[in-house]
Amino acid sequence: MYKPFAILLLLAFIACKPKNKPAASTAKTDTIIPLRDTAILPYTAPDHLRDSLEWRHKLDSFYAIKPIAIYAPAKHGYYYNTLVADVIDTASVTTTPLVFADTTITKLDKKGDNIIYQQHILKNNRFKVEVIATGKNLEDRRQIIINGHKLRYGIELDISLSGTQFADRIDIDPTECSLMTFGTKEYLFLKGYIEMCTGMACGVSYYLLYDPAIKKAMILEQFRCDFNKGYDKKNNTLVFIDMNSFNEHMPEYQCYMTTGKLYRFTHTGKIKPVYDKTGKPISFTAWCRNLDSPVYVIKGNFIRSN
């Protein structure tokens, strides 16, 4: 009599039994437990007052440096002229502009898509200057030839103060050519630039000085700076200032900093540093607040000797 009731209980038990779960994945997982970075320091709120006082102290300490010389800005032209004129004798240099016939010859590849040869020629009755570029898209190192003599880098052309970038893209500005004379020497002066420049590269100038007596030259790389040359009467040589850091803005000191070093272009066509009587290279470090303010020399050992 109890069988129907027992059957009902059995069915209810079966219905309530949980279904079998699918087998767990056997794929391996990364068991590496990430560690906490013990180098992380607790957050510290910025102390703007302290930072401001430290910056003010740094600025006051810089301005408190006693200059060894102060130069008024030049009334006409380059604002560092008065300083440069005290380092070297600029008054004894005579510059005569030269006029050149300006010609450019180009050749294309067989398809006519790319320039593979370019020859820029500057010529007058005394000098012939050639800048030759070759290779696909003129990528090969450029050749500089003056009066038929190729200036090989590091041999006939001293490149110790120019870097290597000029060899790839240099060209000569036909409006910036002149004959420089001082003492018994004369030089062909050429100003170069980076062809098809962009950005800050457009501020780079290359000053090339060629000695026709020995058929050798030097090249100087400068950034937004003139060629500051002078005459050393004692040695009858050209001297010039390499502004290796010119008009560099220093935000922490709210000024423009310039450092320069004196060099000589020797009779053998080499660039050599100029030393003082103690054997130290002649150099200087100067700053100014803006382009029309006085120039303060805070370090230097230049004493012009005539």
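Numbering starts at 1 and runs along the sequence shown. Computed from a predicted model, the values in this text were never measured in an experiment. We use all heavy atoms of the structure for the numbers below, so side chains are in, but hydrogens, waters and symmetry mates are not.
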**Student:** Give me each pair satisfying salt bridge (charged side-chain N to carboxylate O under 4.0 Å, His left out) with a member in residues 208-220, each pair once, sequence neighbours excluded.
**Tutor:** Lys185-Asp211
**Student:** About how many Å separate OH of Tyr263 and OG1 of Thr237, when rounded to the nearest 0.5 Å?
**Tutor:** 15.0 Å
**Student:** Can you tell if the side chain of Leu122 reaches within under 4.5 Å of the side chain of Ile172, non-hydrogen atoms only?
**Tutor:** yes
**Student:** If hydrophobic clusters are built by linking Ile, Leu, Val, Met, Phe, Trp and Tyr wherever their side-chain heavy atoms come under 4.5 Å apart, do Trp287 and Ile65 end up in the same one?
**Tutor:** yes
**Student:** Using 30° and 60° as the class boundaries, would you call the ring planes of Tyr187 and Phe265 parallel, tilted or perpendicular?
**Tutor:** tilted
**Student:** Tell me whether Ile298 shares a hydrophobic cluster with Ile70, the cluster being built from Ile, Leu, Val, Met, Phe, Trp, Tyr side chains joined at under 4.5 Å.
**Tutor:** yes
**Student:** For Asp171 and Gly192, indicate whether the former's side chain and the latter's backbone hold a donor-acceptor pair under 3.5 Å.
**Tutor:** no
**Student:** With a 4.5 Å limit on heavy-atom distance, are the side chains of Arg264 and Ile271 in contact?
**Tutor:** no
**Student:** Would you give the length of the straight line joining atom CD of Gln143 to atom CD1 of Ile170, rounded to the nearest 0.5 angstrom?
**Tutor:** 13.5 Å
**Student:** Taking only residues two or more places apart in sequence, or in another chain, which ones meet Asp109 in a side-chain hydrogen bond (donor to acceptor under 3.5 Å, both in side chains)?
**Tutor:** Asn114
**Student:** Heavy atoms, side chains only, cut-off 4.5 Å: are Ser283 and Asn301 in contact?
**Tutor:** yes
**Student:** Roughly how far apart are Asp226 CG and Ile241 CD1, rounded to 0.5 Å?
**Tutor:** 11.5 Å
**Student:** By salt bridge (charged side-chain N to carboxylate O under 4.0 Å, His left out), which residues pair with Glu156, not counting sequence neighbours?
**Tutor:** Arg152
**Student:** Applying salt bridge (charged side-chain N to carboxylate O under 4.0 Å, His left out), can you list everything that pairs with Glu176, at least two apart in sequence or on another chain?
**Tutor:** none
**Student:** Should Ile155 and Leu151 be counted in the same cluster of Ile, Leu, Val, Met, Phe, Trp and Tyr side chains packed under 4.5 Å apart?
**Tutor:** no
**Student:** What's the spacing between Ser178 OG and Phe227 CZ if we round to 0.5 Å?
**Tutor:** 9.5 Å
**Student:** Going by side-chain hydrogen bond (donor to acceptor under 3.5 Å, both in side chains), name the pairs with one or both residues in residues 92-102, residues two or more places apart or in two chains.
**Tutor:** Asp89-Ser92, Asp102-His120
**Student:** Side chains of Phe240 and Met218: closer than 4.5 Å at any heavy-atom pair?
**Tutor:** yes
**Student:** When you measure from the side chain of Asp232 to the backbone of Asn236, do you find a donor-acceptor pair of N or O atoms at a distance under 3.5 Å?
**Tutor:** no
**Student:** Do Tyr193 and Val204 have side chains that get closer than 4.5 Å, going by heavy atoms?
**Tutor:** no
**Student:** Do the non-hydrogen side-chain atoms of Cys225 and Phe223 ever get within less than 4.5 Å of each other?
**Tutor:** no
**Student:** After noting the C-alpha distance and the side-chain angles of Ile132 and Ile145, does the key distance pass the side-chain contact (heavy atoms from CB on, under 4.5 Å) rule?
**Tutor:** CA-CA 8 Å; Ile132 299 176; Ile145 302 172; 3.8 Å; yes
**Student:** Report the distance from atom CG of Asn228 to atom OH of Tyr207, rounding to the nearest 0.5 Å.
**Tutor:** 8.0 Å
**Student:** Tell me whether the centres of the aromatic rings in Phe127 and Phe100 are closer together than 6.0 Å.
**Tutor:** no
**Student:** Evaluate side-chain contact (heavy atoms from CB on, under 4.5 Å) for Lys128 paired with Ile121, printing each intermediate quantity in order.
**Tutor:** CA-CA 7 Å; Lys128 181 181 179 182; Ile121 305 171; 4.0 Å; yes
**Student:** In the structure I gave you, are the side-chain heavy atoms of Lys299 and Ile68 within less than 4.5 Å of one another anywhere?
**Tutor:** no
**Student:** Determine the minimum heavy-atom distance between Tyr71 and Ala69, stating which atoms define it.
**Tutor:** CE1-CB, 3.7 Å
**Student:** Does Lys270 have any salt bridge (charged side-chain N to carboxylate O under 4.0 Å, His left out) partners at least two apart in sequence or in another chain, and if so, which?
**Tutor:** none
**Student:** Roughly how far, to the nearest 0.5 Å, is the CG atom of Leu208 from the CG atom of Leu188?
**Tutor:** 7.5 Å
**Student:** Please answer whether the main-chain N or O of Thr104 pairs with a side-chain N or O of Gln119 as donor and acceptor at a distance below 3.5 Å.
**Tutor:** no
**Student:** For Glu221 and Ser162, work out which heavy atoms get closest and say how close.
**Tutor:** OE1-O, 2.7 Å
**Student:** Do Gln222 and Asp242 have side-chain heavy atoms sitting under 4.5 Å apart?
**Tutor:** yes
